[in-house]
Amino acid sequence: MKKILSILAVGLLALGFVSCEKGERNKEFKITIDEISGSSAHVKVVAADTTQFYYWDVFESEDVAKYPEDSIIATINEGIEFMKAIAEAFEIEYTLDDLFERGESEYTYKGLNPETEYTVCLLKFDAEGKPFGPLVKKSFRTGQLEITGQATMTLSGVYFDELSEGYYELMAESADEKYFLFLSPDVSSMSDNLTMANFSDPDYLYFVVDDDELPIIGLNLEATFASNVLKLNGKIVDYNGIEYTTSITAEEGNLEDYEAPARKAKTRGMQRDFKARRVVHMRK
């Protein structure tokens, strides 16, 4: 599974389009970006030399412009070294083909920010897994997100107070178990209203409809907090453009006593373990 790799979160691989394709043509790699919407895009890379190892990912163009190329290369390389270390720690056997691409590689991104420019950054690696050469880049931009449907969602669950660390965690689901939501916003109090700006990592928002995980693109929830009960009311928009009129009621829980199903174990500490177990299989 491919995730956007954030320049600002190398250590945890916190991996962040009408087309606006920029960059020089490259004879070694053909990068094609199509099926672009306000929240998704399909990226395909074809290497002229089918034996050449390479790694590519998508960055927000704002970050690419902000940092020198050496920093981006270092970020990608540190990410690869992190994947190696995790594989070794969990005694997972791997080859260079598990870490890199050869020949053709493609992936459809879902959950991109609307009206935002992104840049594909590609780096070559030698037979020993060492990076070399300059970056190959190609940029594109998401379009406007269109609302395609409406739904109403009433959820109840529990929250875990981590305000001393600047956030809380909430797990809630509908009575018929059709909807499940995990969120962990950066806040100063339980009564803070929430927008997408409160979520510094995409994995701090996890939304499931009928067992399908759907990235959240838009969120605006008004909070009220009294007698240790948190209520959130407002709108949530998924990447398909479905807008949910949302009502959430959550009581305080004890994380040590809470036995959540595996798919719901999305706390910040658990996120690190979750990523570690899957990271060597990215995009495969």
Side-chain angles (χ1 to χ4, degrees), residues 1-4 14-19 33-43 58 60 106-118 140-159 168-187 192-224 230-250 260-267 271 274:
M1 178 182 292
K2 191 173 184 65
K3 285 289 186 180
I4 295 176
L15 308 162
F17 280 93
V18 181
S19 177
I33 305 157
D34 56 19
E35 299 178 16
I36 299 166
S37 73
S39 62
S40 62
H42 175 258
V43 181
V58 169
E60 288 196 11
E106 59 186 315
Y107 183 79
T108 297
Y109 284 87
K110 300 177 181 179
L112 300 173
N113 295 323
E115 300 181 85
T116 301
E117 186 168 295
Y118 292 89
F140 50 93
R141 184 178 179 83
T142 53
Q144 292 183 337
L145 181 66
E146 298 181 3
I147 300 301
T148 60
Q150 306 280 343
T152 299
M153 181 168 61
T154 301
L155 311 175
S156 61
V158 294
Y159 70 85
Y168 65 80
E169 298 177 339
L170 182 149
M171 301 179 186
E173 65 182 352
S174 58
D176 59 4
E177 300 185 347
K178 175 182 177 68
Y179 301 112
F180 170 80
L181 176 69
F182 165 85
L183 54 82
S184 179
D186 298 324
V187 294
D192 284 358
N193 296 334
L194 303 182
T195 68
M196 293 298 290
N198 293 96
F199 299 91
S200 56
D201 187 308
D203 284 327
Y204 295 166
L205 271 173
Y206 178 75
F207 181 48
V208 174
V209 179
D210 290 329
D211 294 324
D212 292 328
E213 181 179 353
L214 301 178
I216 292 176
I217 299 301
L219 179 147
N220 196 324
L221 298 174
E222 182 177 343
T224 58
L230 174 63
K231 294 185 178 181
L232 298 171
N233 292 280
K235 305 288 187 179
I236 290 176
V237 181
D238 71 22
Y239 89 98
N240 288 319
I242 304 298
E243 182 181 65
Y244 302 86
T245 299
T246 304
S247 177
I248 303 170
T249 301
R263 73 167 189 169
K264 302 179 184 178
K266 301 290 288 186
T267 65
Q271 267 303 332
F274 177 77

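Only this structure's heavy atoms are used, side chains among them; waters, hydrogens and symmetry mates stay out.
- Formation of a donor-acceptor pair under 3.5 Å by the S184 side chain with backbone atoms of Y204 is not found in this model.
- What you find for M153 and I236 is that their closest heavy atoms are CE-CD1, 4.2 Å.
- Listed for the T148 side chain is a donor-acceptor partner under 3.5 Å among the backbone atoms of N240.
- One distance of note links CG of D203 with CZ of F182; it measures 9.0 Å at 0.5 Å rounding.
- For F207, the ring-ring contact (aromatic ring centres under 6.0 Å, His included) test picks out Y244, with sequence neighbours left out.
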Going through the checks in order, is the side chain to side chain contact (heavy atoms under 4.5 Å, CB included) test met by L230 and Y168? CA-CA 11 Å; L230 174 63; Y168 65 80; 3.6 Å; yes
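- With sequence neighbours left out, the side-chain contact (heavy atoms from CB on, under 4.5 Å) criterion links S174 to L155, D176, K178, Y179.
- The environment of CD in E115 is crowded: more than 12 heavy-atom neighbours from other residues, nucleotides or ligands sit within 6.0 Å.
- For K235, the side-chain contact (heavy atoms from CB on, under 4.5 Å) partners are E243, T245, not counting sequence neighbours.
- Y239 and L145 make their closest contact through O-CD1, 4.2 Å (heavy atoms, listed as atom of the first residue, atom of the second, distance).
- At distances below 3.5 Å, at least one donor-acceptor pair connects side-chain atoms of Y118 with backbone N or O atoms of N113.
- Here F180 contributes atom CZ and E177 contributes atom CD; the two are 11.0 Å apart, rounded to the nearest 0.5 Å.
- Although no hydrogens or angles enter the test, the distance criterion places a donor-acceptor pair under 3.5 Å between the side chain of N198 and the main chain of D186.
- N233 and S247 share a side-chain donor-acceptor pair at under 3.5 Å.
- Nearest heavy-atom pair, E222 versus N193, reported as atom, atom and distance to 0.1 Å: CA-OD1, 3.4 Å.
- Atom CG of L205 and atom CG of L181 lie 7.0 Å apart (nearest 0.5 Å).
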